[in-house]
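Counting from 1, the numbers follow the sequence of the chain as shown.
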Amino acid sequence: MALNVVIMAAGKGTRMHSTTPKVLHKLAGRPLLQHVLDRVAPLAPARCVVVTGHGAERVEQQVGTAGVCVRQEPQLGTGHAVQQTLPALDDAAETTLILNGDVPLIGTDTAQALAEACDGRQLALLTVELADATGYGRILRSGDAHGGHVLGIVEHKDASPRQREIREVYTGMMAAPTALLKRWLMALKNDNAQGEYYLTDVVAMAVAEGVPVVARHAASETEVLGVNSPAQLAELERRLQRRQADSLMNAGLRLADPARFDLRGTLTHGRDVEIDVNCVFEGAVDLGDEVRIGANCVIRNARIAAGAVIHPFTHIDGEALGVQVGAGALIGPFARLRPGAVLGDEVHIGNFVEVKNSTLAKGAKANHLAYLGDATVGERVNYGAGSITANYDGANKHRTVIGNDVHVGSNCVLVAPITLGDGATIGGGSTIAKDAPAGQLTVARAKQVSLAGWQRPKK
């Protein structure tokens with residue numbers, strides 16, 4: 001079945017009290033609109049049309065190549081918004097599915113079922129029953145509240161006190177025969193309390209023409225909840241995080257407290273993995289068998305091999321390069337691994353140690369207050385407290401190579417480019433600017449020098 005998809009994303013979101021367009025506020029690390037685009041993609045629509053308005057340029061940048069954008073200026077109601085899409089719709093697509101960009105958890109299956117209920121010949125509405133229906137349009141039926149035919153929708157602000165007692169509400173999403181929808185939209189009037197063109201008025205038009213109107217119930221309340229305030233955004237965040245936590249626990253992951261867990265990307269895991277409270281996972285994270293993650297860690301774009309232990313308050317951010325932690329490694333507490341950190345098996349990175357764009361071979365240790373940047377570190381190296389690689393000369397980065405079994409004392413500065421041969425020992429407090437021979441003790445104290453005439457190196 002050929003399908004058009006329309007996503008409403010023009011609203012300002014006044015109650016968000018923000019200059020950010022409402023649909024660009026983030027849920028689980030991604031904009032609300034991106035959630036909707038991702039859930040629509042499997043439907044392979046002939047056209048995906050996004051209606052923009054407030055902050056249009058920013059919203060359109062987010063849409064990118066995922067859809068065609070049309071602007072609603074000025075914003076005169078939901079019906080007026082869909083009117084703007086008419087030139088962009090594919091007339092050959094029998095059904096047009098209308099979704100909301102601020103309702104991020106709509107299920108792909110639910111959207112598919114709604115389109116199938118329309119089948120290019122009847123108007124299908126997505127509804128749900130809410131204990132508190134404030135702000136939602138009420139479903140008006142003939143006869144029995146649940147079994148009667150759908151007669152129309154009345155907006156909350158136009159509803160009578162008796163109509164406001166109705167619990168079945170319209171979620172703002174529908175599927176309509178494309179040809180009929182176009183005719184109905186052009187016949188909309190704005191003779192209501194707000195002087196707006198309501199999309200919901202097409203229901204009465206369908207009834208008047210004898211076109212069947214059917215209601216399809218959402219699978220859950222959560223998937224049709226919209227975001228109109230910071231409180232609603234926070235509530236939806238917790239619902240989504242709990243859903244993700246339950247799914248992971250059902251697959252065997254052990255969470256100390258699922259209410260204090262945040263996943264803002266993808267998390268894959270092996271067997272017997274444990275995660276303590278207040279941990280945040282972003283990007284793509286893979287945890288091997290028997291990995292232990294301590295409390296209050298933030299981990300992004302990283303692969304952590306079997307048996308590794310990430311102690312509390314560790315920050316790992318792989319960005320584009322990623323971070324790799326070897327089997328049996330011990331990281332933290334209060335450690336920081338930056339992009340390009342590749343740690344071998346049984347590596348120890350202790351408190352207040354930072355590693356960036358560096359490779360540490362099996363059994364290497366930097367246990368306290370140290371920095372390793374742009375370095376290649378051999379096996380069984382012991383890197384002392386307070387030591388750093390001086391890898392940046394103000395214009396270019398340079399590499400430090402530390403051979404196997406090297407011992408670097410406390411408070412050393414290794415001025416790159418430099419190589420420390422296998423088995424070398426660097427005495428505490430040394431500033432090393434020349435290669436150190438293998439197997440020898442090297443001690444070098446910095447001398448006071450004049451900087452007159454010094455110039456920053458050119459790139």
Can you list the steps and then say if Thr52 with Gln72 is a side chain to side chain donor-acceptor pair (under 3.5 Å)? CA-CA 6 Å; Thr52 67; Gln72 182 193 19; over 6 Å; no
Any chance you could lay out the side-chain contact (heavy atoms from CB on, under 4.5 Å) test for Thr134 and Arg164, step after step, and finish with the verdict? CA-CA 8 Å; Thr134 302; Arg164 290 186 180 186; over 6 Å; no
Let's go through Asn192 and Glu196 carefully: what are the C-alpha distance in whole Å and the side-chain angles of both, what is the deciding distance for side chain to side chain donor-acceptor pair (under 3.5 Å) to 0.1 Å, and is it a yes or a no? CA-CA 7 Å; Asn192 52 64; Glu196 295 183 348; over 6 Å; no
Give the intermediate values and the outcome of side-chain contact (heavy atoms from CB on, under 4.5 Å) for residues Val6 and Leu99. CA-CA 6 Å; Val6 172; Leu99 305 176; over 6 Å; no
Side chain to side chain donor-acceptor pair (under 3.5 Å) between His35 and Arg30: does it pass, once the steps are laid out? CA-CA 7 Å; His35 283 270; Arg30 291 185 297 148; 3.1 Å; yes
Kindly determine whether Glu221 and Arg239 satisfy salt bridge (charged side-chain N to carboxylate O under 4.0 Å, His left out), including the steps that lead there. CA-CA 11 Å; Glu221 174 185 307; Arg239 289 191 183 215; 3.1 Å; yes
Before giving the answer on salt bridge (charged side-chain N to carboxylate O under 4.0 Å, His left out), spell out for Arg138 and Glu165 the whole-Å C-alpha distance, their side-chain angles and the decisive distance to 0.1 Å. CA-CA 9 Å; Arg138 307 309 203 275; Glu165 294 177 1; over 6 Å; no
Worked verdict on Leu105 versus Val224 for side-chain contact (heavy atoms from CB on, under 4.5 Å): CA-CA 7 Å; Leu105 300 185; Val224 297; over 6 Å; no
Could you walk me through whether Tyr170 and Thr200 satisfy the side-chain contact (heavy atoms from CB on, under 4.5 Å) test, starting with their C-alpha distance in whole Å, then the side-chain angles of each, then the deciding distance to 0.1 Å, before giving a yes or no? CA-CA 9 Å; Tyr170 170 57; Thr200 49; 3.5 Å; yes
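In this structure, the side chains of Tyr371 and Glu354 come closer than 4.5 Å at one or more pairs of heavy atoms. With contacts defined as side-chain heavy-atom distances shorter than 4.5 Å, the pair Asp286/His269 does not qualify. Side-chain atoms of Leu253 and Leu267, non-hydrogen and from C-beta on, do get closer than 4.5 Å to each other. Counting heavy atoms from C-beta outward, Glu290 and Arg271 have side chains that stay 4.5 Å or more apart. With a 4.5 Å cut-off on side-chain heavy atoms, Thr268 and Val285 do not count as touching. A 4.5 Å side-chain heavy-atom check between Pro177 and Glu94 finds every atom pair outside the cut-off. Contact annotation: the side chain of Asp317 never approaches that of Val298 to less than 4.5 Å [non-hydrogen atoms, C-beta and beyond]. A 4.5 Å side-chain heavy-atom check between Lys12 and Pro21 finds every atom pair outside the cut-off.
Between His80 and Pro74, the shortest heavy-atom contact is CE1-O, 3.0 Å. Leu123 and Ala175 get closest at one heavy-atom pair: CD1-O, 3.6 Å. For the residue pair Leu37 and Cys48, the shortest heavy atom distance occurs at CD2-SG, 4.2 Å. The two residues Ala92 and Ala2 make their nearest non-hydrogen contact at O-CB, 4.0 Å. The minimum heavy-atom distance between Val227 and Lys22, with the atom names listed, is O-CD, 3.0 Å. Listed here is the closest heavy atom pair of Ala28 and Leu240: CB-CD2, 3.6 Å.
A salt bridge is defined here as a Lys NZ or Arg NE, NH1 or NH2 lying under 4.0 Å from an Asp or Glu carboxylate O, and Lys189 with Asp191 fails to meet this definition. At a threshold of 4.0 Å, the pair Lys362-Asp345 does not count as salt-bridged, since none of the basic side-chain nitrogens sits closer than that to a carboxylate oxygen. Between Arg167 and Asp132 there is no salt bridge, since none of the side-chain N atoms of the basic residue sits less than 4.0 Å from a carboxylate O of the acidic one. Using a cutoff of 4.0 Å between basic side-chain nitrogens and carboxylate oxygens, Glu60 and Arg71 are scored as salt-bridged. Look at Arg254 and Asp272 and you find a salt bridge, because one of the NZ, NE, NH1 or NH2 atoms lies within 4.0 Å of a carboxylate O, short of that distance.
Counting only distance, with no hydrogens or angles, the side chain of Gln241 and the backbone of Ala259 share no donor-acceptor pair below 3.5 Å. The backbone N or O of Arg121 sits nowhere less than 3.5 Å from a side-chain atom of Asp119 that would complete a donor-acceptor pair. Ser142 places a side-chain N or O within donor-acceptor distance of the main-chain N or O of His149, the cut-off being under 3.5 Å. Of the possible polar contacts, none joining the Arg264 side chain to the Gly283 backbone as a donor-acceptor pair under 3.5 Å is found. Remark: side-chain polar atoms of Gln62 are not paired, donor with acceptor, to backbone N or O of Arg58 under 3.5 angstrom. Side chain of Ser358 to main chain of Val355: no donor-acceptor pair is present (N/O by atom type, distance under 3.5 Å, no hydrogens or angles). With hydrogens and angles ignored, the 3.5 Å screen pairs no side-chain donor or acceptor of Thr376 with any backbone N or O of Val401. At distances below 3.5 Å, not a single donor-acceptor pair connects side-chain atoms of Thr389 with backbone N or O atoms of Asn391. Checked by atom type and distance alone, the side chain of Gln122 pairs as donor or acceptor with a backbone atom of Ala117 at under 3.5 Å. The main-chain N or O of Gln163 is found under 3.5 Å from a side-chain atom of Ser160 such that the two form a donor-acceptor pair.
Residue-environment remark: CZ (Arg303) stays at or below the threshold of 12 foreign heavy atoms within 6.0 Å. Dense packing is recorded around CZ of Arg183, with more than 12 heavy atoms of other residues, nucleotides or ligands lying under 6.0 Å away. Gln61 CD: 12 or fewer foreign heavy atoms inside a 6.0 Å radius. Remark: Lys182 NZ is packed, more than 12 non-hydrogen atoms of other residues, nucleotides or ligands lying under 6.0 Å away. Residue Lys356 places its NZ atom among more than 12 non-hydrogen atoms of other residues, nucleotides or ligands, all under 6.0 Å distant.
The CZ atom of Arg47 sits 11.0 Å away from the OG1 atom of Thr178 when rounded to the nearest 0.5 Å. For the atom pair Arg338 CZ and Leu372 CG, the distance stands at 12.0 Å (nearest 0.5 Å). The distance from the OG atom of Ser220 to the CZ atom of Arg243 is 5.5 Å, given to the nearest 0.5 Å. To the nearest 0.5 Å, the span separating CG on Leu199 from CD1 on Ile98 amounts to 4.5 Å. Between the CZ atom in Arg216 and the SG atom in Cys118 there is a gap of 10.5 Å [rounded to 0.5 Å]. For the atom pair CD1 (Ile331) and NE2 (His315), the distance works out to 14.5 Å, reported to the nearest 0.5 Å.
Between the side chains of Thr127 and His217, at least one donor N or O sits under 3.5 Å from an acceptor N or O. The closest side-chain donor-acceptor pair between Tyr392 and Asp374, if any, does not fall under 3.5 angstrom.
Shown are Arg238, Lys26, Arg300; of these, the salt bridge (charged side-chain N to carboxylate O under 4.0 Å, His left out) with Asp262 is made only by Arg238.
Taking the six-membered ring for Trp and thresholds of 30 and 60 degrees, Phe334 and Phe313 have nearly parallel ring planes, at less than 30 degrees apart.
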